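Remarks on the structure that follows.
Note that the structure is predicted; figures quoted are calculated from it, not measured.
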Amino acid sequence: MPRTPRSTPRADAAGRAPLATPEEVAAYLGVPVKTLYQWRYRRIGPNVLKVGRHLRYRWQEVDAWLNAQAVYDLTA
């Protein structure tokens, strides 16, 4: 019986897969991968999922975290 190929994960509007590796997120944010691991340890970075032994990020959560970092008041 021939095997049917698995469908690829649905991409969002920016053409990205729903889950990202630490390397992809680091490149997107312009920081080293080691920084992501430090942020995870200190619980100050974007939310991360553990899939088996691998870390994965949801792009929506990365973007939400990034937007939250940009919210500050300069009128002080």
Side-chain angles (χ1 to χ4, degrees):
M1 178 180 288
R3 295 178 70 191
T4 57
R6 290 184 182 175
S7 62
T8 58
R10 185 180 61 84
D12 68 1
R16 299 179 295 201
L19 295 178
T21 64
E23 292 79 14
E24 292 171 327
V25 174
Y28 176 67
L29 297 176
V31 299
V33 173
K34 187 174 180 179
T35 300
L36 288 178
Y37 288 117
Q38 290 173 352
W39 288 348
R40 179 177 182 261
Y41 177 77
R42 295 169 57 196
R43 298 178 188 251
I44 61 171
N47 289 335
V48 64
L49 304 169
K50 212 165 175 193
V51 180
R53 64 180 186 160
H54 304 284
L55 297 179
R56 295 293 182 260
Y57 294 85
R58 286 189 179 113
W59 283 114
Q60 296 97 349
E61 292 184 11
V62 172
D63 289 333
W65 176 83
L66 188 59
N67 289 336
Q69 302 307 304
V71 177
Y72 55 90
D73 188 12
L74 293 176
T75 62

**Asked** Which pairs, with at least one residue in residues 31-43 and sequence neighbours excluded, count as a salt bridge (Lys or Arg N to Asp or Glu O under 4.0 Å)?
**Response** none

**Message:** In this structure, would V48 and I44 fall into the same cluster of hydrophobic residues linked by side-chain contacts under 4.5 Å?
**Reply:** yes

**Request:** Output every pair passing salt bridge (Lys or Arg N to Asp or Glu O under 4.0 Å) with a member in residues 49-60, not counting sequence neighbours, ordered by first then second residue.
**Result:** R58-E61

**Message:** Using side-chain heavy atoms (C-beta onward) and a distance below 4.5 Å, is W65 in contact with W39?
**Reply:** yes

**Request:** Compare every heavy atom of A26 with every heavy atom of P32, then report the nearest pair and how far apart it is.
**Result:** C-CB, 4.1 Å

**Asked** What heavy-atom pair brings Y37 and L55 nearest, and what distance separates the two atoms?
**Response** CE2-CD1, 3.3 Å

**Request:** Give, for atom CG of L36 and atom CG of L29, the distance between the pair rounded to the nearest 0.5 Å.
**Result:** 6.5 Å

**Asked** In terms of ring plane angle, is the pair W59 and Y28 parallel, tilted or perpendicular, where the classes change at 30° and 60°?
**Response** perpendicular

**Prompt:** With ILVMFWY side chains joined below 4.5 Å, transitively, what does L19's cluster contain besides itself?
**Reply:** L49

